[in-house]
Amino acid sequence: KQKKQESAGGQEARSKGNIAVIVSTLNNPWFVVLADTAKTRAGELGYEATIFDSQNDTAKESDHFENVIVGGYAAILFNPTDADGSIANVKKAKEAGIPTFCIDREVNANDVAAAQILSDNYAGCVELGQYFVKKMSQKGKYVELLGILGDNNTWNRSKGFHSVVDNYPGLKMVAQQGAEFDRTKAMDVLESILQANPDIDAVFCGNDAMAMGAYQALAAAGKADKVMVFGFDGAKDVIDSIRDGKIVATGMQFPKRMARMAAEQADEYIKGKRDFPQKIPVAVELVTRENIAKYTAYGRQSNE
Amino acid sequence: MALSKTDNIVLQARSISKAFGGIKALDGVSLEIHAGKVNAIVGENGAGKSTLMKILSGVHREYEGQIVLDGQPVAFANPRQAQDNGIAIIHQELNLIPSLSVAENVFLGREFVSRIGLIDYRAMHRETTKILKRLDLHINPRIAVSGLRVGQQQVVEIAHALSLRARIVIMDEPTSAISKHEIEVLFGLIRSLTAQGVAVVYITHKLDELFQIADTVTVLRDGKLVGSSPIEDVTHDDIVRKMVGRDMQNFFVKAYVAESQEVLGVRDVCLAHPRRRDDYVVDHVSFDVKAGEVLGLFGLMGAGRTELLETIFGLHPKRSSGDILLDGRKVEVGSPTDAIGFGIGFVTEDRKLEGLILEMSVAASISLASLERTERFGLLSGAIENRLARDYVERLRIKTPSVKQRVENLSGGNQQKVVIAKWLATNPRVLLLDEPTRGIDINAKNEIYRLISELAKAGLAILMVSSELPEIMAIADRIVVLSEGKQTAEFASSKATEELIMKAAIPKSFGPSKV
Amino acid sequence: MLTLDDHKALLVKFQSLLALLLMVVIFSVSAKGFFSTDNFWLVLTQISVNLCLSVGMTLVILTGGIDLSVGSVLALSGAVMAGLLKNGLELPAFNLFVGFTVLGAVLTGLLVGSFLGLFNGLMITVLRIPPFVATLAMMTIARGLTQLWTGGAAITGLGEIFGYVGTDRLAGVPVRVWTCAAVVGFAILALKRTRFGRYIYAVGGNERAAKLSGLNVNRIKLRVYTIAGALSAVGGLIVTSKLDSATPVAGDGYELDSIAAVVIGGTSLSGGKGSVLGTVVGTLIIGVLNSGLIILRVPPFWQKVIKGGVILLAVAIDKLNTKEQ
Amino acid sequence: MLTLDDHKALLVKFQSLLALLLMVVIFSVSAKGFFSTDNFWLVLTQISVNLCLSVGMTLVILTGGIDLSVGSVLALSGAVMAGLLKNGLELPAFNLFVGFTVLGAVLTGLLVGSFLGLFNGLMITVLRIPPFVATLAMMTIARGLTQLWTGGAAITGLGEIFGYVGTDRLAGVPVRVWTCAAVVGFAILALKRTRFGRYIYAVGGNERAAKLSGLNVNRIKLRVYTIAGALSAVGGLIVTSKLDSATPVAGDGYELDSIAAVVIGGTSLSGGKGSVLGTVVGTLIIGVLNSGLIILRVPPFWQKVIKGGVILLAVAIDKLNTKEQ
Ligand SMILES: Nc1ncnc2c1ncn2[C@@H]1O[C@H](COP(=O)(O)OP(=O)(O)OP(=O)(O)O)[C@@H](O)[C@H]1O
Ligand SMILES: Nc1ncnc2c1ncn2[C@@H]1O[C@H](COP(=O)(O)OP(=O)(O)OP(=O)(O)O)[C@@H](O)[C@H]1O
Ligand SMILES: [Mg+2]
Ligand SMILES: [Mg+2]
């Protein structure tokens, strides 16, 4: 990936301006892909892009915005830390005349961002929920692993999932615990849960890192083939695992597609275009063993 | 014993100079250490004795001048090299590791190890017990030194130095913390060492000790060498004159103070032992101290004197019983804060651990217990504070370049004076003194004695612990003797004799230092 | 006349100052846009939160303690302010509803912070729990309470007036900066010119000696931890007000930043030695570093590496030049 | 015959042991599934990583220092093992490619960990940078290097053999547990029965006295930090092996867990006092707590609050019963 950055740097000569890529965290490969793609695409379009890591801290994010505003950037490709908390930051940029393009996660305010290219976590998990119900044939015990408890996407996903699953009395959630979107924590937590509930049939995880951890825990307990694991994101490991029949399904978000779109829209904006649709939903696609052939890490086979 | 023979000169210091940030601690001092002799070094507080010894033992690396060992110039990079060259030192301040056992402290850095590299504790404990027996200290070598008292720790330090089997043993005020009995033992040991040809360098402020064991006396003053001569050729007064640089009247004798009403009353005060059930460290002690009176509290190491003072000062409210009276009225002293509120001051035994905050300046240390005095409009005033401090620096002749100097950098004796100044600054009515002249030079001692009697004249009630009989007999109007926490005798000092006092002080169940 | 130690003290301060100036110079020449009034105010406003926490932390560390809970306390008191302001307080038990003015909400938040600090103090003095454990526990507890209070979601839309502290300017200077300036000013005055301040050094320097000199060690510690809690709440006010929202993860990991600032500023973790001015310098060093690296466009992953290296250098400069024990 | 301090030491150990047993009993009756051989081994395997770090941390803290870099060092050395094993090492400069066997990769990883520890030690002894700052800087640096080395993505698919340490059992006991047992055993032996061990206490108890007795304080510290680094690498091995992948965030925040375990185990942060056994108990307390709360199905939000409270209680029990200085 260092190489990519150099290639981006190589364009400085005919740089059309600076674009900031402010991303909620780089602790998760999924967001690293998102940020790198945005940076690279912006580079290809002739901008010099810089990545800012908010480290899941809305205050740090706000510092980044202030720096970007003072630094005279032309546009912000933005992956918010918090749908509500980040509003003020985007407002600030708007007042300074810098357009913000939200990627993947939204900010709960209209007309502050130039456009929001959103992966609909809620809808995605609804679909996942429906597949979950199908696979479970409407009955059985399951465990839910939540992400970072302070993160609104944790709840979007959980709510979307439950909006479907809770309609089936046959499906009993025997445990719901947080594992901070982290692979190690997910493994430890599920291991402990299994002590009290050795007879579960499925685990729904708020992201793919946790799904991998959960699978590891089940494998260690020799239950890998009895318990179904569901993830969300479309990260490399999980795509491979679905192919290998280890994990049942995940919701594919398209970080690369979204990042590219954002970069391109920013380019158009700078070139003068203004009428962007407020929200551009990028459907989350259900990836299962049936349709796995169509997919690769972080996207479709075709458009890779 | 002819000293001119150069062949028995083991160690030579040639025009050594050392300065600490501008302060010249040593200024071209030359010195010869003779094998098989006790080479005594005396001088006022801050004369440079310890600094010189620290240079000889490789503690200070940077200095001017030259050290010659057996005719060969040497420069020690660290204490270890000095040790390896047969130089052992007992530092003035205790240098023990509290959490380690007695044996581990004695053999620190030279533990016995078995073939597979494990420490051989059996052997170490055996050896330690042996050495401690020679010092007549009967304690378990396995216990941690943090459980020992100052005196016992001092003995462990000595044991450490002895265990090195060095050819040159430097002792920097080894007797400051131990009482008569231990001192006797130590002297016996020193004699046997010199008999084996070991060179002993002996630093003390107790001049009469010189005439018991010293062969030569070297006097330092303000970092300069004043003179060096065989003990036979000098008298007590010669030495004092050389130290002080002027004539001095003889040992201070306190004027008798007319009795008046009791200020401090102690009634059946007991202090339970920290661990042992129904065993008392202080056992039903009762006495009065009148205004203008100095009550001397004598006892051997471990008699419970420190604990008694601590109890009066409100440090052990939970473990103690009995009454404290002020002007005949019973008072509840639940904490040092209370005690100070009642006008009690307490000059503690261990200045470094309990008396001073070493990072603080002299001024801050003196004003610490009476800081409100230096306030103006609710804010501290540096001007007032410094004035207060300078006043005491003069009255007590504290040797320091400025009141801004860190107390850490003062010589031991001067640190002690700072502690006393701290308490005088609180204008106390009752002053508790635990070994107030420990490690203080004769000149300063006399000043402190004079100070004590002035304070007494001014109407203070003074309770003073001391392990030095002559001192206590000179200062005190009355003497109370403790032994194993019990009050074994009380004399008017006019009636007291050394024999009577010692007889009362020796514990009935023998074993002067037990834990 | 200055003594050895004043010199040393000066030197130490001067040294970290030197490191700071060095960095400013380097960034000014290398990073175009770094040396500008805009960026000057930016750095000041960006360190304001850490500075508030670090001043409290300095007092705590001077007594020989430590406070790991500053970040969570910041979050909880901020969330309390936001929650009360937005939703008021419902007491179904008495079917009672209490609405809050901005001032009321802010004061309550500050109270909460102080109380949590006091609680730390009580654990440490009364139950004699080591500061590290006591405040670590508080760190977890306060974080949990924040999540409970917010239900895991940010509380937003707190309005103009509340935004004043975090966003507005007074006489051309950001209110946040005024706030810190006041905090720093008071702290320096208290440490240098009041008994309380002197006692803080005494307790940290030699607790037993302090006790024997009649100081009420416990009361001093209680006060210090309470102040630290209150200052964390001030930090919470600033963050919440500037973001116009309180997030449950706010202040996560701030304890390390603030301890770092204090120690880089030359205050010793063993207590008794240090100064608030040093802490200010320490905070600035971190702030300037963050800003400079970003303006220099250093990629995020490299930023960490370089940041660590520079901090080592900055402190090394100190130590090397103040060598000699 | 036992002294004051032995008694205290024993008492302290005994007390935290008491707290531990208390917890075990409570959970056993309240949480079905907690008291089972399965869960017994599970808790042991789950604490194994923290235990490795905490043993190293104990040594460091006994010398009066601290090591905040354990988590990042764990991550970097784990990533190095995984990376070398998966991709080998390319040296385009010499257009050279080096492949690694499992053993080779693991050993290199352990070397990296030890080296980082040594680097900490050098910063602390030679440049006299306070341990807190030195290791804090290392924490950031190592984390950055990890992210650079992994490119921010997890390195997965490391194979059966590599998985041995993290997942397999030997004579019915998980290999991880064997590993910790060995580490703990050696540490205890070293501390109690070797010069090096006693010197660690000496340095922490009274550094000046240690110097004056001719101990080479710097060398002792260097060794201790190197060991801490090596043990972090062991932790890295276990985590990576059990997850069959090295993630760039691995070990994030572990430094606090491990310091907590050490302090809860009764080791004093000011150095010179403490024991590895205490640390084992401390680690168990944390592990049992985590496991118990999950099995009890305590709602996520409440877990933090309760965890903090219980830790306070556990330590308070100690202190109250060992009251009197
Ligand atoms: N580390 C230091 N830093 C600064 N000054 C020092 C230091 N050590 C000693 N001094 C100064 O050097 C002088 C000599 O001190 P030293 O301890 O040698 O005196 P001393 O003869 O041992 O006095 P005492 O009999 O009280 O022990 C004193 O003025 C002291 O203030
Ligand atoms: N640290 C300690 N641990 C346990 N017991 C102690 C300790 N210090 C003192 N003691 C007990 O208290 C008794 C009195 O000790 P203390 O130090 O008060 O004697 P002292 O008369 O003051 O002698 P010194 O002149 O050494 O101070 C001792 O006999 C001992 O049993
Ligand atoms: Mg001396
Ligand atoms: Mg005593």
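Proteins come first, then strands; the chains are lettered A, B, ... in the order of their sequence lines, and each starts at number 1.
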Q: Could you check which of B/E111, B/R80, B/K54 has the highest count of heavy-atom pairs closer than 4.5 Å to chain D?
A: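 Result: the option with the highest number of such pairs is B/E111.
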Q: Pick whichever of B/S57, B/P79, B/A82, B/S101 has the most heavy-atom pairs under 4.5 Å with chain D.
A: B/P79
Q: Please report the C-alpha distance between B/V269 and B/I312 in whole Å, then the side-chain angles of each, then the deciding distance to 0.1 Å, and finally whether the side-chain contact (heavy atoms from CB on, under 4.5 Å) criterion is met.
A: CA-CA 8 Å; B/V269 165; B/I312 297 172; 5.6 Å; no
(Q) Please classify the contact of B/L96 with chain D as side chain, backbone, both or neither, using a heavy-atom distance under 4.5 Å. (A)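 Only the backbone of B/L96 comes within 4.5 Å of chain D.
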Q. What part of B/Q81 lies closer than 4.5 angstrom to a heavy atom of chain D: side chain, backbone, both or neither?
A. neither
**Q.** Part of D/Y199 lying under 4.5 Å from any heavy atom of chain B
**A.**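 Just its side chain gets close to chain B.
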**Q.** Full working for side-chain hydrogen bond (donor to acceptor under 3.5 Å, both in side chains) between B/T311 and B/S320
**A.** CA-CA 7 Å; B/T311 310; B/S320 60; 5.6 Å; no
Q.
Which residues pass the salt bridge (Lys or Arg N to Asp or Glu O under 4.0 Å) test with B/E310, not counting sequence neighbours?
A. C/R208
Q) Of all residues at least two apart in sequence or in a different chain, which pass the salt bridge (Lys or Arg N to Asp or Glu O under 4.0 Å) check with D/K211? A) D/E207
Q: Using the side-chain hydrogen bond (donor to acceptor under 3.5 Å, both in side chains) rule, take B/T306 and B/D434 through it: C-alpha gap first, then chi angles, then the decisive distance, then the call.
A: CA-CA 7 Å; B/T306 297; B/D434 196 354; 2.7 Å; yes
**Q.** Residues of residues 118-129 of chain B contacting chain D, heavy-atom criterion under 4.5 Å, by residue number
**A.**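 Heavy-atom contacts from residues 118-129 of chain B to chain D are B/L118, B/I119, B/Y121.
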Q: Determine whether more than 12 heavy atoms belonging to other residues, nucleotides or ligands lie under 6.0 Å from atom OH of B/Y280.
A: no
(Q) Can you confirm whether D/F115 is buried at CZ, in the sense that more than 12 heavy atoms of other residues, nucleotides or ligands lie under 6.0 Å from that atom? (A)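 Not more than 12 within 6.0 Å, no.
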Q) Most heavy-atom pairs under 4.5 angstrom with chain B, which of D/A202, D/G205, D/A190? A) D/A202
Q.
Can you list everything that forms a side-chain contact (heavy atoms from CB on, under 4.5 Å) with B/A88? Sequence neighbours excluded, please.
A. B/A161, B/L164, B/A166
Q. Can you find a heavy atom in the side chain of B/L26 that is under 4.5 Å from one in the side chain of B/I55?
A.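 The answer is yes; the side chains approach within 4.5 Å.
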